[in-house]
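One structure is given here, and the rest of the page talks about it.
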Amino acid sequence: MDDIFLKPFDSKAHEDEIYKSWENSGFFNPDNLPDTSQGKRSEQFSIIMPPPNANGSLHAGHALFVTLQDIMIRFKRMKGFKTLWLPGADHAGFETQVVYEKKLEKEGRSRFKMERDELYKEILDFTMENKSFMEGQLRQLGASCDWSRELFTLDDRVVKTVNETFKKLVDDKLAYRGARIVNWCPKHQTSLSNLETVSEERTDKFYYLKYGPFVIGTARPETKFGDKYVVMHPDDGRYKEYNHGDTLDLEWINGPVTATVIKDKAIDMEFGTGVMTITPWHDATDFEIAQRHDLDYEQVIDEQGKLLPIAGEFKGMKILDARDKIIEKLNAKGLLDKIDENYTHNVSLCYKCNRLIEPQIKDQWFIHMEPLAEPAIKAIENNEVHILTEQHKKVALHWLNNIRDWNISRQIVWGIPIPAKLCTECNEGFVDLQDEIKKCTKCGGAVKKDTDTFDTWFSSGQWPFITLDYPNGDDFKNYYPTSVMETGHDILPFWVIRMVMLGIYRTGTIPFKDVYLHGMVRDAKGLKMSKSKGNVISPMEVSDQYGTDALRMSLIVGNTPGTDLNLDLSKVNAYKKFANKIWNISRFVLTSIDGVNLSQKPELTHSDQKRITELNAVVSEITKYIEDYRIDLAADTAYHYVWHTFADVILEESKNSINGEDEEIKLSAQWTLYEILATSLKMLHPFMPFITETIWSKLPKKDAELLMVAEWPSPHTT
RNA sequence: GGGCGAUUAGCUCAGUUGGCUAGAGCGUAUCAUUGACGUUGAUAAGGUCACAGGUUCGAGCCCUGUAUCGCCCACCA
């Protein structure tokens, strides 16, 4: 027997070496996989890995997805499938730029004082460094993915395909450039999609102001300088003497204005006084009203959140500083009716810096989503794209049925540049893939390059067909649509649904068949991990301390699909003990069979036959669980069988037979023990690849050099 | 405002076509054991499965309602 068994299992001593032996075998690449005993591998199984952001260390959520997907892949590989797990790395546009800006701030620098090219180059270097760091971490977690096919989201092929999709969308009139209200973050100086804002309930003051004969309500008096339309519901009896289009002169914050009466059904008669003035530049509802009636609008607040000259004496002030002063002045002029101190409402905040979003009108590129959503709804409803967790299917359909246009322009340098030219005179935008448009085709004016970049999710949304080299690559023919999309439920709308929409739009086919969504990894008490709480558990540190196999088991067992999971170190420790148990079982079995000829199957005793039958039942149970995506139950079943049946019962009972005088009984017990050990290692391999492969390498008789490509156990004959 | 989910042992959670004498990990208690075991094994305590109705031969599971908690989406000034 090998000396290594004389000591307890030491994960650190084996993991690197084992991973290298897998990687060097070439078997991560489906093209290199050996034939099975049934012949060529004819069926494909493919997963596109959600590319981790290349801007920092992997977190527990990454460890969870690596484990889940690696289990699926290893299982199918052993089952004889041609398995492709395609890894990637995400430049993660805005996310990475925010990370890098924090770094700049610490160094006392600012992106707003840097040249675009210089900033881009620095973030690129930063990302590339993190990318290779991140790849090493994926290896440490045991990811058996095909590194030869790895793709970075800024690689040429990605950019080319994304640009072509953009052009197709514009040609099909599904993408358009327009002046629309966008979510503007005054800190990050970019617009954000609705999904990139968070809402928070706040209690603010609500002001009732005298506007000519009306009293209007507002929470934001600082936007009211330019208001010259007063709006009410057409059916509101209180204001029936006023007609749509009537004008009236009245005294306002900075002097007299002429107001025009507008009747619009968007007004809620129950709210406030049922009358409001509108600020189309800084409010989405107001903007829509203005559009409906073709009204004028003017910017009041600039991109930094300061008041513009229209504010007169308040020009240049920050909005919150100005608010009280404006109210003071209105009061002095007798225009303040009353203040409601306890007005609760929801405000939008930037999801990164929690600053108030300032709605602004911007010329940006938008995608008209409804036509894209329609086929996606069908595909999800009829389970062509099968979202395994029913609750998430409902969420997806709800989201798709209430979809809104998607702003894909970002005013940041870190991303794929939008391949468009903009007219400096009429503001028209043109897609220009070849950089050949020199004059505005609408007005003949000069053009400049669009300096905006795509929302990362626009390119990520095309990831499955891009990674498989659409349209002409062999991989696309062989592996599209992929078998499973496995990712966190938090990015269901951000990513998964958009992949369905854009995949169908571009290729005519759904991008993946099954969708497995895992929950969030929380701390031992179920709290969200966050740096500020100091409860972040680094999976890499856990892997170092307890071993990757133990970490993987603790992330899997008890983790029902779609629900959140608490990562508890005492649980990790329990599976570390389990690894040690497997180690010692192997040690015992290998000691017990030393020198025995295993190639000749002996006559089995009745009780050994029963053990083999029992083993068969466990194998089929685990197989079925994995095929049903109940990986938690599969892992738990394997755990209990190996510990509480194999070790506690079978192995204990075998001691009598092995130490007894009867050679036939002894041989039967030895053969049975070895068979159960070899089969157990196979069953455990997808979950605990490192320790099982380490032990496998010491086995005297086996059907494959590497356990990774050994055949998944089929029922033994007794 | 709309949608989705949760409520099971001291703690964290499983329990998916209704058959449960309700399980796991951690924790607790007692005993045993240097024997493959950086220990492990055996045994035990601990649950009116949130609450109230209903369907059923049978409900932790299905239906209705109530309470509490959580999450997602949303332009009411």
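Every chain is numbered from 1, with letters handed out A, B, ... down the list of sequences.
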- prompt: Does any N or O donor sit under 3.5 Å from an N or O acceptor when you compare the side chain of A/Asn346 with the base of B/A74?
  reply: yes
field: Where A/Lys228 and A/Tyr211 come nearest, the two heavy atoms and their spacing
entry: CA-OH, 3.4 Å
- request: Take atom P in B/C61 and the same atom in B/A9, then report the distance between them in whole Å.
  value: 15 Å
- line: Value for CG (A/Asn535) from CD1 (A/Ile537), rounded to nearest 0.5 Å, stands at 7.5 Å
- request: Have a look at A/Ala266 and say if it touches a base, only the backbone sugar-phosphate, or nothing, with a 4.0 Å heavy-atom cut-off.
  value: nothing
query: In the 5'-to-3' direction, what one-character label does each nucleotide of nucleotides 6-11 of chain B receive under the scheme B = base within less than 4.0 Å of a protein heavy atom, S = sugar-phosphate only, - = no such atom?
result: ------
query: Looking only at atom P, what distance separates B/C49 and B/A44, rounded to whole Å?
result: 23 Å
Distance between C1' atoms of B/G19 and B/G58 (Å, rounded): 7 Å
task: Rounded to whole angstrom, note down the C1' distance from B/G47 over to B/A42.
output: 24 Å
- prompt: Which whole number of Å gives the distance between the C1' atom of B/U12 and that of B/U7?
  reply: 14 Å
message: Going by the rule side-chain hydrogen bond (donor to acceptor under 3.5 Å, both in side chains), which residues pair with A/Lys528 if we only count those two or more places apart in sequence or in a different chain?
response: none
What N/O pairs connect the protein and nucleotides 41-44 of chain B at under 3.5 Å? Give each pair on its own line.
{"from": "B/G41", "atom 1": "OP1", "to": "A/Trp643", "atom 2": "NE1", "distance (Å)": "2.2"}
{"from": "B/G41", "atom 1": "OP1", "to": "A/Asp648", "atom 2": "OD1", "distance (Å)": "3.3"}

- prompt: Do A/Asp340 and A/Tyr207 get their side chains close enough for a donor-acceptor pair, meaning under 3.5 Å?
  reply: no
P gap between B/U8 and B/C69, integer Å: 15 Å
- line: Residues passing the side-chain hydrogen bond (donor to acceptor under 3.5 Å, both in side chains) test with A/Asn407, sequence neighbours excluded, are A/Ser191, A/Gln364
field: Short side-chain to backbone donor-acceptor contact, A/Asn331 and A/Ile327, under 3.5 Å
entry: no
field: Under 3.5 Å donor-acceptor pair, A/Thr285 side-chain atoms to B/C75 base atoms
entry: yes
- request: Could you give the distance separating B/C31 and B/U68 at their C1' atoms, to the nearest angstrom?
  value: 43 Å
- request: Answer with base, sugar-phosphate or nothing: what part of the nucleic acid does A/Asn580 contact at a heavy-atom distance below 4.0 Å?
  value: sugar-phosphate
- prompt: Using the P atom in both, what is the distance from B/G54 to B/G15, to the nearest Å?
  reply: 28 Å
task: Taking only heavy atoms on the protein side, list every residue of residues 207-224 of chain A lying under 4.0 Å from any atom of RNA chain B, sorted numerically.
output: A/Gly217, A/Thr218
- line: In RNA chain B, stems of three or more consecutive pairs, Watson-Crick or G-U, each with both distances under 3.5 Å, turn out to be B:1-7 with B:67-73, B:10-13 with B:23-26, B:28-32 with B:40-44, B:50-54 with B:62-66
